[in-house]
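Written below as structure tokens is the structure these notes are about.
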Amino acid sequence: MQDNHKITKKYMSRSVIFRLLVLYSLVLLISFSAIFILFFFHTKRMLYRNAAKELKEDTYEFVDVFNVEGFEHLKLHLISEGRARSTDDVCYTIMEPNGNIIITTDTSQWGGLAEHSDLLSQASDKDPIVIATLRIPQISTDVMVSYIRFAPEKILRMAKALRNTQASLDSYLNVLIVTVILILTVGGIVCWIILHHVIGRVKNVTGTALSISTISLHKRVPLSGFDDEIDDLVRAFNGMLDRIELLVTGLGEVTDNVAHDLKSPVTRIRVVAESLLTTDDANAGVKKIAERIVEESDGPLEMINTTLEIKAIDTGVSPLNFTKCDVAEIVRQAFDLFEIVAEEKGITLQMDKSGPAVINGDLHRLQRVFANLIDNALKYTKTGGKVSVHIQSEQDAVRVKIADTGVGIAPEALGRVFERFYRADQSRNIPGLGLGLSLAETIVKSHGGSITVESSVGAGSTFIVVLPRNG
Ligand code: ADP
């Protein structure tokens, strides 16, 4: 559970989805921007080429008027054409090679053109017209200008603001920007959905791995049916779990068999030692040794019996004996039993008042559960500490909380305390077998209930048992 929590809280920037999404968006952004920039400049070149062609045609139309109808007609044509267009858009001028203006449609904005009159010198005999694109102050767009020497001492200069071309380019640019944003957004969402799906399946494997380490070895990750690389991973992972489960079950069976095989000899040793204690033939020294043997054999015998009992309940060899029993009464009896121990240890043992909490359960086995939990709470709490018991009757279940202010359990040990023979580091110096919680869990689970623990080192632990009313 804790690890799951850690995974969901993992920094966004470290998640595979986030990194792939950023990478994908960057690739999309760079490639589409490159394509669109190329398109943009290509379109701009085409539009400018067309504008130059038009200007060239207009210029030669003016030169034709001069050639056919003479200079005076050209001047009239220039004035009337100039008037027909806005002075912001065009400027027609006839000038002398030294820059003196003979006639112009310019009213004020086109003064900047004078700085570029050197362009005229570029005109050759082969191509007497010079066309250039310029930027001049006062005109907000690019300007295309043509110079042509149409008579020995006369130059026609035609300048045109590329407003339509600029407007076309601006709207083209807007379309490109909107398209890039759309592609990025739609592409990002589609990529996120795909990644989420794929990573979700990988997370499934991780979630199962984590729950297996803490809950049970029987779980398997379901196959998606896509038969892809992730299904291969799931198959490999499930196969590994099969082998681990086989090993663990094998180990458990070995332990059960050893316990089973040891029970008779250890019991016989104890019986022999007990008989020595009662016989008159043995001297005091021998009786003392016999007494030690009886004492020392209690530990192994308890271990053997508890191991065998866990197995018997687990496998159903020793089924539960269900009767109507009052959990509040069972807990109170266990509480009374340990009151003296608590007093001797200087621990406050407190139980909240509660009414009857009747369930369908095995009285004797439930007695062992709560005796074990209260015993542990007192065992792992130092003098001056407190152990409190609280019973809560719910509609379908009874919840018992046993909280202590003891040594606590480290986070890495929390998921393991219910394992057989597991003892946490904090409690190694306190006698115990590491079987009490395992037995408690087996009994509670066989009632259809659950047992959980919350703890922090140095602050104490709380064991919570939930038993359904109709287990
Ligand atoms: P043990 O005989 O060692 O008490 P249990 O199965 O009852 O065996 O408990 C397993 C381990 O869980 C203990 O060794 C101890 O490390 C830890 N534990 C159980 N109850 C508590 C508790 N109330 N406070 C701190 N640690 C506990």
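Atoms within a ligand are numbered from 1 in the order they appear, just like the ligands themselves.
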The reported gap from CG in Leu28 to CD1 in Ile183 (rounded to nearest 0.5 angstrom) is 7.5 Å

CG (Leu435) and CE (Met303) are apart, to the nearest 0.5 Å, by 6.5 Å

Those residues with a heavy-atom separation under 4.0 Å from ligand 1 are Asn376, Ala377, Lys379, Tyr380, Asp404, Val407, Gly408, Ile409, Val417, Tyr422, Arg423, Ala424, Ser427, Gly432, Leu433, Gly434, Leu435, Gly436, Leu437, Ser461, Phe463

Please determine, by modelled atom types, if Arg201 and Ser224 share a side-chain donor-acceptor pair under 3.5 angstrom.
yes

When rounded to the nearest 0.5 Å, the distance separating CD of Glu302 from CD of Glu309 is 10.5 Å

Arg135 meets the salt bridge (charged side-chain N to carboxylate O under 4.0 Å, His left out) criterion, sequence neighbours left out, with Asp142

_If only side-chain N and O atoms count, and only distance matters, is there a donor-acceptor pair under 3.5 Å linking Arg365 with Ser318?_
yes

